[in-house]
Amino acid sequence: MTTVWIYVDTNKEVGDRDHLKVFATPDAADEWFKNDPEGVAIGYEVLGDETRPRSYCPICGVLIDMRDLSQMLAHVHDAEIKISKGDGPPPREGPLH
């Protein structure tokens with residue numbers, strides 16, 4: 001289960017870019033609350049496909065879908081890519097479902 005922490009600024013109008021703050025980790029929320037010590041963020045479960053392999057780019061921090069080669073290659077950030085031909089994955093055992 002993935003959880004995000006959400007802060008609502010009731011002094012802002014709905015739709016204002018500062019009305020909501022969404023944090024991926026409690027540490028990120030704590031860091032932001034150094035600017036607003038009276039603020040509080042509540043954890044909420046993220047609904048959706050929990051089996052989707054996602055990861056944050058270690059360089060720019062963008063969340064990418066690890067199944068999407070175009071997204072992965074877009075986040076290479078000028079690194080050299082070595083493409084080689086290997087033996088391939090091991091054969092599967094049993095029937096495919």
Side-chain angles (χ1 to χ4, degrees):
M1 167 186 14
T2 301
T3 301
V4 294
W5 285 261
I6 299 176
Y7 164 77
V8 178
D9 186 341
T10 56
N11 295 317
K12 304 289 183 182
E13 295 288 325
V14 173
D16 186 297
R17 65 177 271 165
D18 292 324
H19 180 238
L20 297 174
K21 297 283 184 198
V22 181
F23 304 98
T25 66
D27 291 338
D30 288 343
E31 183 65 28
W32 189 83
F33 284 123
K34 289 179 181 177
N35 301 318
D36 182 6
E38 294 180 14
V40 131
I42 308 297
Y44 291 92
E45 177 183 346
V46 176
L47 304 176
D49 182 7
E50 294 297 324
T51 61
R52 194 172 112 207
R54 298 169 294 192
S55 184
Y56 288 98
C57 174
I59 295 172
C60 69
V62 170
L63 186 63
I64 58 175
D65 184 341
M66 300 302 287
R67 297 173 301 175
D68 186 337
L69 182 60
S70 65
Q71 284 188 30
M72 291 173 54
L73 292 176
H75 286 84
V76 172
H77 296 283
D78 298 326
E80 188 174 318
I81 300 173
K82 180 180 177 184
I83 300 174
S84 62
K85 185 174 181 176
D87 295 334
R92 292 183 177 219
E93 294 180 18
L96 297 177
H97 297 279

Discussion item. Let me check something: do Trp32 and Ile6 share a hydrophobic cluster, defined by ILVMFWY side-chain heavy atoms less than 4.5 Å apart, either directly or through other members?
Written reply: no

Worksheet item: His19 versus Val8: any side-chain heavy-atom pair under 4.5 Å?
Response: yes

Fill in: Spacing of CD1 belonging to Ile42 relative to CH2 belonging to Trp5, to within rounding of 0.5 Å
11.5 Å

Worksheet item: When rounded to the nearest 0.5 angstrom, what is the spacing between CG in Asp18 and CG in Asn11?
Response: 11.5 Å

Discussion item. Would you say Phe23 ends up clustered with Tyr44 if hydrophobic residues are merged whenever their side chains have heavy atoms under 4.5 Å apart, either directly or through other cluster members?
Written reply: no

